[in-house]
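Scroll down for the structure; my scribbles are underneath it.
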Amino acid sequence: MNLNQLRYFVCIGQLENYTQAAARLRVSQPSLSKAMARLEEELQLVLFRKQGRHVTLTATGQQLLKVVTQSLHGLDTGIADLQAQQAHQPITLRVGCIPTVIGIYLPRVLHQFEVQRTGQVRFELHSVPSEAVQQGLQAGTYDLGIAATDKHHSGYHDLPLLKQAFIVIVAPNHPLAQRTTVTLADLASQHVLTYDPQLLIGQKVQRILAEADLPHPLDVTAVYPDELSIAGMVQASQDVGLVADTLYLAAFDVKKLAVTIPADLRVISASYRTDNPHREVLRDLFTLFQQSTQ
């Protein structure tokens with residue numbers, strides 16, 4: 001067993017497709033197949049199950065994928081740190097952040113941290129949705145995640161940073177535009193646009209609607225990926241939008257209405273894995289986060 005085999009295994013396990021893995025790794029598909037056959041033979045474990053042109057990981061394969069991913073991440077990070085120390089290069093912290101926060105709150109704090117640790121740390125920012133942030137933290141792609149989530153998992157250190165209110169938006173000529181506050185019951189005769197339930201924020205909206213105990217279900221179209229798409233449709237129609245109050249809305253001519261609902265806040269949290277090799281640096285960064293929110 002060697003490092004190449006393990007890296008091949010991780011790639012195939014994530015893609016579950018030999019053709020795509022071969023293209024990404026720039027090796028031949030037969031070479032990958034032979035490498036995986038040798039790995040299974042050496043470990044005496046069944047790691048893959050064939051399904052047509054695709055392969056799926058067995059339960060054992062899924063467990064090994066987590067172990068190998070973490071081990072390779074630790075090895076790569078450790079080597080990179082040693083190389084950085086030898087070359088007097090700063091540590092690079094990879095940050096996955098939702099788009100609505102990456103351009104306003106986050107840069108100020110990260111720049112302040114870089115100033116405090118001149119030449120010791122730098123940040124690599126990635127603008128991605130909450131789901132991708134969580135996946136990146138789990139896979140070791142990101143050292144730090146900034147995302148909206150209601151759930152906290154063991155093995156992670158989390159810190160609430162910001163709260164975004166849920167609001168209703170309407171076009172300026174909409175009958176509700178004269179009001180400043182509405183309830184969900186006020187939307188009974190309206191066509192409501194909101195987030196796709198496959199998104200974390202969409203799931204929260206669905207929970208809010210389910211727990212509202214309305215006499216009749218609202219007329220809801222829940223297919224939209226973000227505030228941009230919802231606000232664009234609202235601005236051009238007589239529909240109403242149920243959204244988080246983010247900077248995206250500033251680009252549209254819509255009226256914001258406060259909405260009285262039990263769970264009216266979207267919490268944005270910072271997270272890192274407690275086994276991250278840079279956890280001491282991240283812990284100091286979290287101290288700065290806390291100071292900036294006080």
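Considering all non-hydrogen atoms of both residues, Val254 and Ala231 come closest at CG1-O, 4.1 Å. Contact detail for Gln238 and Ala171: the closest heavy-atom pair is NE2-CB, 4.5 Å. Residues Ile268 and Gln164 approach most closely at CD1-OE1, 3.8 Å, considering heavy atoms. Nearest heavy-atom pair across Gln235 and Asp253 is OE1-N, 2.6 Å. Gly145 and Val133 make their closest contact through CA-CG1, 3.5 Å (heavy atoms, listed as atom of the first residue, atom of the second, distance). Contact record, His73 with Asn276: NE2-ND2, 4.4 Å, taken as the closest heavy-atom pair.
Residues Leu285 and Val121 fail the side-chain proximity criterion, which asks for heavy atoms closer than 4.5 Å. Looking at Lys66 and Gln62, their side chains never come closer than 4.5 Å, going by heavy atoms from C-beta outward. Taking the side chain as every heavy atom from C-beta outward, Val240 and His174 approach each other to under 4.5 Å. For the pair Leu187/Val168, a side-chain contact is recorded, criterion being any heavy-atom separation below 4.5 Å from C-beta on. Contact annotation: the side chain of Thr181 never approaches that of Val259 to less than 4.5 Å [non-hydrogen atoms, C-beta and beyond]. Side chains of Arg94 and Phe123 form no contact here, defined as non-hydrogen atoms less than 4.5 Å apart. Taking the side chain as every heavy atom from C-beta outward, Glu124 and Leu93 never approach each other to under 4.5 Å. For the pair Phe166 and Ile201, the minimum side-chain heavy-atom distance is below 4.5 Å.
Side-chain contact annotation: Asp158 with Ser269, donor-acceptor N/O pair under 3.5 Å absent. Between Glu16 and Thr56, the side chains place no donor N or O within less than 3.5 Å of an acceptor N or O (distance only, hydrogens not considered). Using modelled atom types and a 3.5 Å distance limit, the side chains of Arg122 and Thr92 yield a donor-acceptor pair. For the residue pair His278 / Asp143, no side-chain donor-acceptor distance below 3.5 Å is found, with atom types taken as modelled.
Other residues, nucleotides and ligands place no more than 12 heavy atoms under 6.0 Å from the NE2 atom of His111. In the displayed structure, Asn173 atom CG is contacted under 6.0 Å by more than 12 heavy atoms of other residues, nucleotides or ligands. By the 6.0 Å contact criterion, CD on Gln116 is enclosed, its count of non-hydrogen atoms from other residues, nucleotides or ligands being greater than 12.
Atom CG of Leu257 sits about 5.5 Å away from atom NZ of Lys255, to the nearest 0.5 Å. Annotation: the span from Leu288 atom CG to Arg283 atom CZ amounts to 14.0 Å, rounded to 0.5 Å. Atom-to-atom distance recorded for Leu32:CG and Arg24:CZ is 12.0 Å, nearest 0.5 angstrom. Once rounded to the nearest 0.5 Å, the distance linking CG of Leu249 with CD of Glu227 reads 6.0 Å. Between atom OH of residue Tyr156 and atom CG of residue Asp275 there is a gap of 8.0 Å, rounded to the nearest 0.5 Å. The OG atom of Ser189 sits 12.0 Å away from atom NE2 of His216, with the distance rounded to the nearest 0.5 Å.
Of the possible polar contacts, one joining the Glu131 side chain to the Leu200 backbone as a donor-acceptor pair under 3.5 Å is found. Proximity of a side-chain donor or acceptor of Thr58 to a complementary backbone N or O of Val46 within less than 3.5 Å is detected. Side chain of Ser31 to backbone of Val27: no donor-acceptor contact under 3.5 angstrom is found. Side chain of Thr194 to main chain of Leu242: a donor-acceptor pair is present (N/O by atom type, distance under 3.5 Å, no hydrogens or angles). Checked by atom type and distance alone, the side chain of Thr141 never pairs as donor or acceptor with a backbone atom of Leu137 at under 3.5 Å. The main-chain N or O of Asp226 is found under 3.5 Å from a side-chain atom of Ser229 such that the two form a donor-acceptor pair. Put simply, the side chain of Gln70 never gets that close to the backbone of Val67: no donor and acceptor are under 3.5 Å apart. Counting only distance, with no hydrogens or angles, the side chain of Asp196 and the backbone of Leu199 share no donor-acceptor pair below 3.5 Å. Using a distance-only test at 3.5 Å, with no hydrogens or angles considered, a donor-acceptor pair links the side chain of Thr274 to the main chain of Gly155. Distance alone, capped at 3.5 Å, is enough to place a donor-acceptor pair between the Tyr195 side chain and the Ala244 backbone.
With sequence neighbours left out, Arg7 forms a salt bridge (charged side-chain N to carboxylate O under 4.0 Å, His left out) with Asp76. For Gln138, there are no side-chain hydrogen bond (donor to acceptor under 3.5 Å, both in side chains) partners at least two apart in sequence or on another chain.
No continuous path of hydrophobic side-chain contacts links Tyr142 to Leu144 [ILVMFWY only; heavy atoms under 4.5 Å]. Val109 and Ile102 fall within a single hydrophobic cluster, where Ile, Leu, Val, Met, Phe, Trp and Tyr side chains are chained together by heavy-atom contacts under 4.5 Å. Linking Ile, Leu, Val, Met, Phe, Trp and Tyr residues whenever their side-chain heavy atoms come within less than 4.5 Å leaves Leu106 and Val115 in two separate clusters. Using a 4.5 Å cut-off between side-chain heavy atoms of Ile, Leu, Val, Met, Phe, Trp and Tyr, with links allowed through other members, Ile169 and Val182 fall into the same hydrophobic cluster. Clustering ILVMFWY residues whenever any of their side-chain heavy atoms sit less than 4.5 angstrom apart, transitively, puts Ile12 in the very cluster that holds Leu57.
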CA sep, side-chain torsions, deciding dist, call: Leu3, Leu72, side chain to side chain contact (heavy atoms under 4.5 Å, CB included): CA-CA 9 Å; Leu3 284 178; Leu72 289 178; 3.9 Å; yes
Leu65 and Val10: CA distance, side-chain angles, deciding distance, side chain to side chain contact (heavy atoms under 4.5 Å, CB included) verdict: CA-CA 6 Å; Leu65 180 62; Val10 169; 4.1 Å; yes
Candidate pair Gln203 and Val205, rule side chain to side chain contact (heavy atoms under 4.5 Å, CB included), full reasoning: CA-CA 5 Å; Gln203 294 166 16; Val205 170; over 6 Å; no
Trace of the side chain to side chain contact (heavy atoms under 4.5 Å, CB included) decision for Val243 with Tyr248: CA-CA 11 Å; Val243 297; Tyr248 281 164; over 6 Å; no
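A salt bridge links Arg117 with Asp284: at least one charged nitrogen is closer than 4.0 Å to a carboxylate oxygen.
Taking the six-membered ring for Trp and thresholds of 30 and 60 degrees, Phe48 and Phe9 have ring planes more than 60 degrees apart, a perpendicular arrangement.
Proximity of the aromatic rings of Phe286 and Tyr272 is defined here by a centroid distance below 6.0 angstrom, and this criterion is met.
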